[in-house]
Engineer: 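My structure is below; once you've seen it, I'll send some questions.
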There are 2 protein chains.
Amino acid sequence: MTDHLPPIQTTARDDAVLKALAGFVRQEALGPGEKLPTERILAERLKVSRNTVREALTRWEGLGLVERRQGSGTYLKAAVSPDMLHMPLTLAGGNDFAGLMATLEIRRALEAEAAALCAIRAGKAELAEIERKLDLMEEAFQTRAGMSSDEDWEFHQAVFRASGNPLFEQIIAAMYEMFHRFWEHPLGVRDFGHASFPYHRTIFERIAAHDPEGARAEALKLIATVEDDLKRGAANLKLSDRR
Amino acid sequence: MTDHLPPIQTTARDDAVLKALAGFVRQEALGPGEKLPTERILAERLKVSRNTVREALTRWEGLGLVERRQGSGTYLKAAVSPDMLHMPLTLAGGNDFAGLMATLEIRRALEAEAAALCAIRAGKAELAEIERKLDLMEEAFQTRAGMSSDEDWEFHQAVFRASGNPLFEQIIAAMYEMFHRFWEHPLGVRDFGHASFPYHRTIFERIAAHDPEGARAEALKLIATVEDDLKRGAANLKLSDRR
DNA sequence: ATGCAGAAATTGGTTGGACCATTGAACCAT
DNA sequence: ATGGTTCAATGGTCCAACCAATTTCTGCAT
């Protein structure tokens with residue numbers, strides 16, 4: 001009967017601090033890289049102890065929203081708004097290979113869908129932007145005789161942006177970050193990513209032709225080549241599975 | 001020339017605390033729900049101040065690994081291991097109709113892929129679990145003459161878990177949360193979700209038959225019905241698009 | 001013995017103040 | 001210009017209290 005009795009709010013000091021800080025950031029229109037007030041000033045202005053401010057900032061730091069530099073200050077690392085949703089992803093105990101495959105499966109699902117949506121929605125301006133990134137990537141490929149992570153990533157980002165759904169870019173950006181965290185250890189595959197090269201242009205062509213299913217198919221082929229590279233790398237590993 | 005000079009690591013107090021704590025959890029074989037030592041004891045044992053312990057625990061709390069209850073103690077909320085990988089995902093905004101549709105597009109991509117993977121990988125135990133949730137959902141549907149969010153969500157969760165990739169469950173959980181944030185306000189569609197009901201069983205049947213593409217197709221049909229409901233709701237809305 | 005209200009101990013939350021370590025800017029010497 | 005020195009600002013750590021919620025214990029009334 002008495003179901004929706006709201007969970008009363010007795011104390012929530014540091015949450016309140018974060019809320020206030022998010023409001024401040026919005027009002028001051030602070031963006032990534034900008035410095036926010038010192039802990040001492042925040043503590044004084046908000047009428048809380050510096051320790052409480054620190055706990056709040058520690059939470060933001062853990063979420064990657066903020067970076068603290070001793071002796072310098074605290075800086076924004078990402079855009080923050082009062083109505084953000086935080087979802088920390090945790091990948092437990094994965095050896096490298098399992099983690100990489102897990103992120104790839106997410107990429108397979110999202111990149112295919114994003115490419116299809118992009119083929120439906122991309123306008124002239126978006127198409128031009130994607131082609132520009134594609135040209136840059138192909139140029140880098142020729143120059144350095146190999147895939148370049150940066151230009152590759154920028155191409156994919158342009159596709160996600162043109163999908164009209166910001167969540168794609170945000171989620172896949174997280175996947176890329178995780179991917180590259182395992183990646184310090186190049187699994188011994190020399191020409192990693194080489195096989196994926198031609199599919200970038202075919203994806204673009206299907207998008208430009210407003211062919212959703214074609215774009216999806218090409219995106220799937222691209223991911224398949226990466227998965228293949230990964231499996232070859234796993235074979236090279238075998239024993240170096242320390243721990 | 002002097003490219004790869006890594007930024008050296010001098011101090012990392014609270015990181016060290018978390019590492020030690022993770023080791024402790026492993027050694028004591030603590031699982032979710034179990035209580036870990038009090039802050040005062042940790043501070044004493046680790047020879048650091050209680051403040052430092054608190055900062056470390058605050059980070060874990062922000063990551064959803066731990067829950068603190070004043071007067072009671074600190075409890076594990078998830079399995080932790082010394083080598084786990086965290087990737088905070090923060091999603092911006094999306095409290096309007098467009099945001100709702102955005103979450104659905106992500107769901108379409110991930111649910112389809114998860115259903116397909118599940119059809120490939122689910123073993124007998126996982127299948128039994130999924131069917132159990134399905135039965136519960138159908139029973140709730142009969143009893144209350146309508147879809148039940150909770151049982152519905154549990155069914156999908158079981159599918160994600162059986163997909164063998166923990167990221168699916170975590171990411172879609174974020175989508176559900178975003179979805180339900182807006183959802184307290186039923187868009188005026190009375191029998192929301194009704195149309196999706198039969199597809200739950202067809203999804204299960206395709207999974208049980210180890211038919212990935214069939215499962216994917218049924219999952220897509222399910223999402224399509226929800227999108228349809230949503231569009232009907234949007235038509236009902238029109239003006240109440242506050243803020 | 002049993003049940004239960006109130007006291008006491010436990011535990012996380014907050015405060016204020018102190019000091020350390022790092023940074024960056026201003027200044028100085030060469 | 002280059003490289004050291006000094007100094008103020010800032011985050012990092014520590015300590016010692018006290019507050020607030022919870023749990024446990026105690027002792028009285030039944």
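Chain letters run A, B, ... following the sequence lines, proteins first, then strands; residues in each count from 1.
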Engineer: Would you give me the side-chain donor-acceptor pairs under 3.5 Å for residues 156-165 of chain B, sequence neighbours excluded?
Structural biologist:
{"from": "B/H156", "atom 1": "ND1", "to": "B/E111", "atom 2": "OE1", "distance (Å)": "3.0"}
{"from": "B/H156", "atom 1": "NE2", "to": "B/D152", "atom 2": "OD1", "distance (Å)": "3.4"}
{"from": "B/H156", "atom 1": "NE2", "to": "B/H200", "atom 2": "NE2", "distance (Å)": "3.2"}
{"from": "B/Q157", "atom 1": "NE2", "to": "B/E169", "atom 2": "OE2", "distance (Å)": "3.4"}
{"from": "B/R161", "atom 1": "NH1", "to": "B/E169", "atom 2": "OE2", "distance (Å)": "2.9"}
{"from": "B/S163", "atom 1": "OG", "to": "B/F160", "atom 2": "O", "distance (Å)": "2.6"}
{"from": "B/S163", "atom 1": "OG", "to": "B/N165", "atom 2": "N", "distance (Å)": "3.3"}
{"from": "B/N165", "atom 1": "OD1", "to": "B/L167", "atom 2": "N", "distance (Å)": "2.9"}
{"from": "B/N165", "atom 1": "ND2", "to": "A/A102", "atom 2": "O", "distance (Å)": "3.0"}
{"from": "B/N165", "atom 1": "ND2", "to": "A/E105", "atom 2": "OE1", "distance (Å)": "3.0"}

Engineer: For B/L46 and D/dC15, give me the distance from atom CG to atom C1', rounded to whole Å.
Structural biologist: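 After rounding, the gap between these two atoms is 17 Å.
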Engineer: Using whole Å, what does the distance between atom C1' of nucleotide C/dT23 and atom CZ of A/R68 come to?
Structural biologist: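 In whole Å, C/dT23 C1' and A/R68 CZ are 16 Å from each other.
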Engineer: What pairs with B/R40 under salt bridge (charged side-chain N to carboxylate O under 4.0 Å, His left out), at least two apart in sequence or on another chain?
Structural biologist: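 Result, salt bridge (charged side-chain N to carboxylate O under 4.0 Å, His left out) vs B/R40: none returned.
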Engineer: Do B/R132 and B/E154 have side chains that approach each other closer than 4.5 Å (heavy atoms only, starting at C-beta)?
Structural biologist: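 SC-SC contact between B/R132 and B/E154 ruled out.
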Engineer: Would you call B/E61 and B/K77 a salt bridge, taking side-chain N to carboxylate O under 4.0 Å as the test?
Structural biologist: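 No, no charged N to carboxylate O under 4.0 Å.
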Engineer: Without swapping roles, check the side chain of A/T103 against the backbone of A/L100 for a donor-acceptor pair under 3.5 Å.
Structural biologist: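 Looks like yes, one N/O pair under 3.5 Å.
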Engineer: Any side-chain to backbone donor/acceptor pair from A/T52 onto A/V48? Under 3.5 Å, distance only.
Structural biologist: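 Side chain of A/T52 to backbone of A/V48: no pair is present.
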Engineer: CD of A/E44 versus P of C/dT15: gap in Å, rounded?
Structural biologist: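 Whole-Å distance recorded here is 14 Å.
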Engineer: NZ of B/K47 versus C1' of D/dC15: gap in Å, rounded?
Structural biologist: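 It works out to 15 Å between those atoms.
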Engineer: Are more than 12 heavy atoms from other residues, nucleotides or ligands located less than 6.0 Å from atom CD of B/E177?
Structural biologist: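 Atom CD in B/E177 is not crowded, with 12 or fewer foreign heavy atoms closer than 6.0 Å.
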Engineer: Do B/N51 and D/dG12 share a donor-acceptor pair, side chain to base, under 3.5 Å?
Structural biologist: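 Looking at the base of D/dG12, it does not pair with any donor or acceptor on the side chain of B/N51 (distance under 3.5 Å).
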Engineer: Donor-acceptor pair, A/E44 side chain versus A/I41 backbone, under 3.5 Å?
Structural biologist: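 Here the side-chain-to-backbone pair does not exist.
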Engineer: With sequence neighbours left out, which residue pairs that include part of residues 58-87 of chain A fulfil the ring pair (Phe, Tyr, Trp, His ring centres under 6.0 Å) condition?
Structural biologist: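 Qualifying pairs, neighbours excluded: none.
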Engineer: Is the shortest side-chain heavy-atom distance between B/W153 and B/I172 below 4.5 Å?
Structural biologist: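 B/W153 reaches B/I172 side chain to side chain.
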Engineer: Dump the pairs, protein N or O against N or O of nucleotides 7-11 of chain C, anything under 3.5 Å, distances to one decimal.
Structural biologist:
{"from": "C/dT11", "atom 1": "O2", "to": "B/G71", "atom 2": "N", "distance (Å)": "3.2"}

Engineer: In whole angstroms, how far is the P atom of D/dA17 from the CZ atom of B/R50?
Structural biologist: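 Atom CZ in B/R50 sits about 14 Å away from atom P in D/dA17.
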Engineer: Given B/D14, which partner from the list B/K19, B/R54, B/R59 fulfils the salt bridge (charged side-chain N to carboxylate O under 4.0 Å, His left out) test?
Structural biologist: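 Result for salt bridge (charged side-chain N to carboxylate O under 4.0 Å, His left out) with B/D14: B/R59.
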Engineer: Defining pairs by Watson-Crick or G-U wobble geometry with both distances under 3.5 Å, how would you list the stems of DNA chain C with at least three pairs each?
Structural biologist: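 DNA chain C stems, ordered by first number: C:1-30 with D:1-30.
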Engineer: Which residues in residues 52-64 of chain A have at least one heavy atom lying under 4.0 Å from any atom of DNA chain C?
Structural biologist: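 Only A/T52 qualify.
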